[in-house]
Amino acid sequence: MSFELPTLPYAYDALEPHIDARTMEIHHTKHHQAYITNLNNAIAGTDMEGKSIEDILKGCKDIPAVRNNGGGFWNHNLFWECMSPNGGGLPTGELANAMNEAFGSFENFQAEFAKAATTRFGSGWAWLCVTNGKLEICSTANQDNPVMGEGCQGTAILALDVWEHAYYLHYQNRRPDYIQSFFHVVNWDFVARKFADARR
Ligand code: MN3
């Protein structure tokens, strides 16, 4: 059974005006699909075939084709779920409490997360993770992720793609504007469920 492109939980234009439809369609059907096709090719006929993507990612550091394309597959799966046309606003409940504990306030969280995303040189990702029950922000290069042990040792619950392909059509070089727009579409209900799961 090879890996397949997941269906987006919303339409390509659903995140407008924050993330434009053309970017979403190309990002999903071309970029995400390419990682999946290349991952399936890279693991075909090896002992990785049939394993879960998480198990594959834990042992792929020295296999660039699997590290890059397996990371690309896993990272985008989480990224799409982290956004919603009904997103934005503020987290509530336990997640909000944990954010206040870790960062002092939601505004401080936003500033620290935006800084991690802005200062990631070149292509990569910003993450909000749960490590030993506590929230932590980190970033990774390329398609690396915390499942591989990159960035931090925690469980990622929020992902932001800062590759230029994620924003260049609409925002060109203005990565900070794209990052601020992302906060308008974050699906905090989803992140809160991931947070609860990670602390179980
Ligand atoms: Mn991408």
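Start at 1 with the first residue, then count along the sequence. Atoms within a ligand are numbered from 1 in the order they appear, just like the ligands themselves.
With the Mn ion (ligand 1) as vertex, His27 NE2 and His165 NE2 subtend 90°, rounded to 10°.
For the pair Arg22 and Glu16, the salt-bridge criterion is not met [side-chain N within less than 4.0 Å of a carboxylate O].
Note on ring orientation: taking the six-membered ring where Trp is involved, the planes of Phe79 and Trp125 are perpendicular (angle over 60°, cut-offs 30° and 60°). Phe103 and Phe109 have tilted rings, their planes meeting at an angle from 30° to 60° on a 0 to 90° scale.
Applying side chain to side chain donor-acceptor pair (under 3.5 Å) to Trp80 and the options His27, His28, His32 leaves one that passes, His32.
When distances to the Mn ion (ligand 1) are checked against a cut-off of 2.8 Å, His76 contributes an N, O or S atom below that limit.
The atom of Asp161 nearest to the Mn ion (ligand 1) is OD2, with the search restricted to N, O or S atoms.
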